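These figures come from a predicted structure and were not determined experimentally. Just so it is clear, the values below take in all heavy atoms, side chains as well, and ignore hydrogens, waters and symmetry mates.
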Amino acid sequence: MSAASNQKGRITENSIDEILRLDIKEVANSLWPDIKWRGNSASCPLSTHQGDDKTPSFSVTPGKNVFYCFTEQHGGNNLDLVADRYGYDKKRDFRECVEKLAEVMNVTLEYEPLNEQDIEKAKERELAARAMTFAQHQFQAALNELFDGMEKLQTDNVPVEKWPDQYKTLKERDISREFAIEHGIGYAPTDNQFLFKRLKSQGDEAVRAGELADLIKQNADGRYFDFFIGRITYPCIDYRTKQIVGFTGRRVSQQPTSTAPKYKNSPNNVIYNKSAPSALYGFAHALEKSAPEFYDKQGNLRCLLYLEGPNDVSAAQKAGVPAVCGNGIAVSELQMQTMLRYTNEFINGLDQDVAGMKASTHAWLLALENSEGKPISQIPITQGKKDVGEMTPAEIKTAIANRFGPAKAIANAIRATLEAESTMPGQINAINVAQRTAEEFLRKMPDGIEKAKACGQISKMLGVDPALILAATVESKSSIPVQDKSLGPIAETLSTIEKLVESRETISHLESEVAALRASIPERRTQQLPQPSPDMAQEPAISAKDGYRARLPQV
């Protein structure tokens with residue numbers, strides 16, 4: 001295991017200028033060979049574009065090498081195009097954007113000489129990457145031996161209850177040899193020096209590589225031991241480079257007295273960061289278009305299911321549903337932004353227990369803040385099942401078809417907040433926490449049907465008038481106040497918003513109801529009510545349930 005010698009320093013300014021001077025129309029043609037032009041205009045090829053372009057909205061200005069999409073009101077230069085095409089963040093992945101565009105356009109880049117520190121860091125990253133690949137081969141070989149042993153147990157008719165824990169785990173999780181090979185699932189044996197011995201056989205540099213990748217550790221006595229011991233391993237693959245950057249290991253011990261955590265994740269190191277998009281398990285596989293019905297004409301995911309753990313992701317993958325999960329920490333904003341960039345709809349499928357709902361609240365807030373108008377929904381967990389991992393492929397497909405929108409999901413989150421905080425001294429504390437959560441949700445929701453429905457449902461749970469909940473979302477300094485009994489009749493009238501939406505009344509009818517209501521409110525109260533959204537008149541009054549179902553094929 002030797003480091004490569006082709007390390008490179010910073011790209012020179014001249015090379016960057018040359019990339020930016022490339023004819024933008026030729027760049028677009030190279031990135032999207034099927035693009036159809038009408039002069040310098042075309043149907044927008046960008047992944048962020050919503051809907052079909054009957055009239056071309058994408059325009060380029062070759063002399064200035066810039067583009068603009070009039071529908072999305074978004075523009076940029078050559079690097080913005082390549083960032084969109086390959087899923088880069090131009091600011092964070094500037095070097096990757098330049099190098100990828102140079103590769104596509106057959107441009108030779110110049111690099112500045114590396115200093116010694118840069119050379120050492122690059123060598124460490126490559127060593128760690130090679131150690132990850134080596135470990136993956138060892139883990140998969142160990143799992144293959146496990147399958148051989150399990151087949152012998154079945155041939156010998158040994159009762160399942162007498163099987164060793166590692167075999168029981170494979171059986172209970174319905175992991176087949178074929179599925180494991182396809183998805184890179186492996187096994188770290190109970191020998192705490194299994195991987196170390198194999199790295200040692202490759203030489204001292206291999207051992208150092210294993211340390212850099214945090215695959216092996218050294219104790220105070222100088223003895224090495226493996227980081228993953230007695231666990232089913234799931235590789236985290238960088239969705240851009242396809243390089244393994246880390247692992248998630250699930251405990252196989254079935255003993256109730258076991259103190260080992262259920263899941264163990266690679267620590268942050270020179271190539272792995274738990275908050276980075278590359279750490280999302282299943283993301284690289286989801287982008288491989290393995291289930292054609294879940295991709296649109298532009299190659300974007302119609303939906304992406306966000307789950308709690310690798311076992312849940314495996315269950316979704318067996319149903320053909322694109323799915324990802326984090327790695328023991330709350331989803332980061334960068335991870336959420338990346339997922340939303342690649343999918344037309346974000347679907348939350350986290351566990352519905354109190355802990356899962358807390359994580360759901362965090363994910364929902366990030367999704368609302370970064371969705372840029374893309375739909376966000378949530379699936380119901382089949383009754384009697386704890387999570388998606390316990391659901392059958394048919395049940396998962398049914399849950400996707402029955403997914404629901406933000407109003408119900410947010411109401412569930414507020415309910416979970418009340419349950420989670422109910423142990424606090426005094427019920428008023430739980431209500432205050434729920435009120436703050438409700439305000440944060442509603443301020444990030446776009447105006448429209450779902451927001452009106454959410455206000456109605458939250459008002460029932462908190463005992464607060466819908467008018468005051470709506471008012472609290474208009475100004476960031478205001479807050480949901482204590483219920484004002486004098487507004488009882490007004491609250492009753494406003495509560496009909498939900499009924500109007502569900503009964504498919506038109507938005508114009510809704511606006512007339514609100515206008516009549518405003519006229520009946522004393523002048524001193526008028527300022528507490530929000531102005532109607534100008535967009536509401538154009539929005540069809542359909543139920544959220546029907547709207548969300550319409551976006552995906554019924555599976």
Can you tell me how far apart [atom1] ([X]) and [atom2] ([Y]) are? Round to the nearest 0.5 Å.
| X | Y | atom1 | atom2 | result |
| --- | --- | --- | --- | --- |
| Gln378 | Leu350 | CD | CG | 7.5 Å |
| Lys90 | Leu81 | NZ | CG | 10.0 Å |
| Thr12 | Asn14 | OG1 | CG | 5.0 Å |
| His74 | Ser57 | NE2 | OG | 11.5 Å |
| Glu369 | Leu340 | CD | CG | 11.5 Å |
| Thr61 | Asn77 | OG1 | CG | 12.0 Å |

Under the ring-ring contact (aromatic ring centres under 6.0 Å, His included) test, residues paired with [X] that sit two or more places apart:
| X | value |
| --- | --- |
| Phe179 | His183 |
| Tyr281 | Tyr234 |
| Phe196 | Tyr224 |

Any side-chain heavy atom of [X] sitting closer than 4.5 Å to one from [Y]?
| X | Y | value |
| --- | --- | --- |
| Val313 | Leu305 | no |
| Asn311 | Tyr263 | yes |
| Ser266 | Asp214 | no |
| Lys264 | Thr248 | no |
| Phe283 | Leu304 | yes |
| Ile379 | Val388 | yes |
| Ile347 | Tyr306 | no |
| Leu101 | Asn78 | yes |

Please check this pair: side chain of [X] against backbone of [Y], looking for a donor-acceptor N/O pair closer than 3.5 Å.
| X | Y | answer |
| --- | --- | --- |
| Ser332 | Gln335 | yes |
| Glu26 | Asp23 | no |
| Asp80 | Ala83 | no |
| Asn327 | Asn265 | no |
| Thr133 | Ala129 | yes |
| Asp118 | Lys121 | no |
| Asn344 | Cys303 | no |
| Asp84 | Leu46 | no |
| Asn269 | Pro267 | yes |
| Ser15 | Ile11 | no |

What residues, two or more places apart in sequence or in another chain, satisfy salt bridge (charged side-chain N to carboxylate O under 4.0 Å, His left out) together with [X]?
| X | answer |
| --- | --- |
| Glu395 | Lys385 |
| Lys200 | Asp204 |
| Glu333 | none |

For the residue pair Tyr86 and Tyr88, categorise the inter-ring angle as parallel (less than 30°), tilted (30 to 60°) or perpendicular (more than 60°).
->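 Plane angle between 30° and 60°, so tilted.
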
Do you know which of Lys374, Arg403, Arg302 makes salt bridge (Lys or Arg N to Asp or Glu O under 4.0 Å) with Glu345?
->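 By the salt bridge (Lys or Arg N to Asp or Glu O under 4.0 Å) criterion, Glu345 pairs with just one of Lys374, Arg403, Arg302: Arg403.
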
If you measure only the distance, is there a donor-acceptor pair under 3.5 Å linking the side chains of Gln243 and Asp238?
->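 Side-chain D/A pair, Gln243 to Asp238: absent.
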
Should we say atom [atom1] of [X] is surrounded by more than 12 heavy atoms from elsewhere, each under 6.0 Å from it?
| X | atom1 | value |
| --- | --- | --- |
| Lys91 | NZ | no |
| Arg10 | CZ | no |
| Asp17 | CG | yes |
| Lys217 | NZ | yes |

Which heavy atom in [X] sits nearest to a heavy atom in [Y], and how many Å separate them?
| X | Y | result |
| --- | --- | --- |
| Arg250 | Arg173 | NH2-NH2, 2.6 Å |
| Ala28 | Ile35 | O-CG2, 4.4 Å |
| Ala315 | Met391 | CB-O, 4.4 Å |
| Ser278 | Cys236 | O-CB, 4.1 Å |
| His362 | Val331 | NE2-O, 2.8 Å |
| Ala180 | Ile175 | CB-CG2, 4.1 Å |

Side chain to side chain contact (heavy atoms under 4.5 Å, CB included) evaluation trace for Asp387 with Glu308 | CA-CA 9 Å; Asp387 52 34; Glu308 189 159 318; over 6 Å; no

Could you please spell out the steps behind the side chain to side chain donor-acceptor pair (under 3.5 Å) verdict for Arg177 and Asn144?
-> CA-CA 7 Å; Arg177 194 191 300 260; Asn144 199 45; 2.5 Å; yes

Are the aromatic rings of Phe139 and Phe247 close, with centres under 6.0 Å apart?
->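 For Phe139 and Phe247, the ring centres are under 6.0 Å apart.
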
What about the rings of Phe194 and Phe228, do their centers lie closer together than 6.0 Å?
->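 Centroid distance Phe194-Phe228: not below 6.0 Å, so no.
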
Could you go through the side chain to side chain contact (heavy atoms under 4.5 Å, CB included) check for Trp364 and Ile376 one step at a time?
-> CA-CA 8 Å; Trp364 266 93; Ile376 308 167; 3.5 Å; yes

Decide yes or no on side chain to side chain contact (heavy atoms under 4.5 Å, CB included) for Phe94 and Leu79, but give the supporting numbers first.
-> CA-CA 8 Å; Phe94 183 81; Leu79 295 180; 3.4 Å; yes

From CA spacing to verdict: salt bridge (charged side-chain N to carboxylate O under 4.0 Å, His left out), Lys100, Glu103 | CA-CA 5 Å; Lys100 188 63 179 179; Glu103 176 189 335; 3.6 Å; yes

Step by step, would you call Ile185 with Thr233 a side chain to side chain contact (heavy atoms under 4.5 Å, CB included)?
-> CA-CA 6 Å; Ile185 301 172; Thr233 60; 5.7 Å; no

Let me see the working for Arg240 and Asp93 under salt bridge (charged side-chain N to carboxylate O under 4.0 Å, His left out), right down to the final yes or no.
-> CA-CA 11 Å; Arg240 297 169 304 179; Asp93 307 318; 2.8 Å; yes

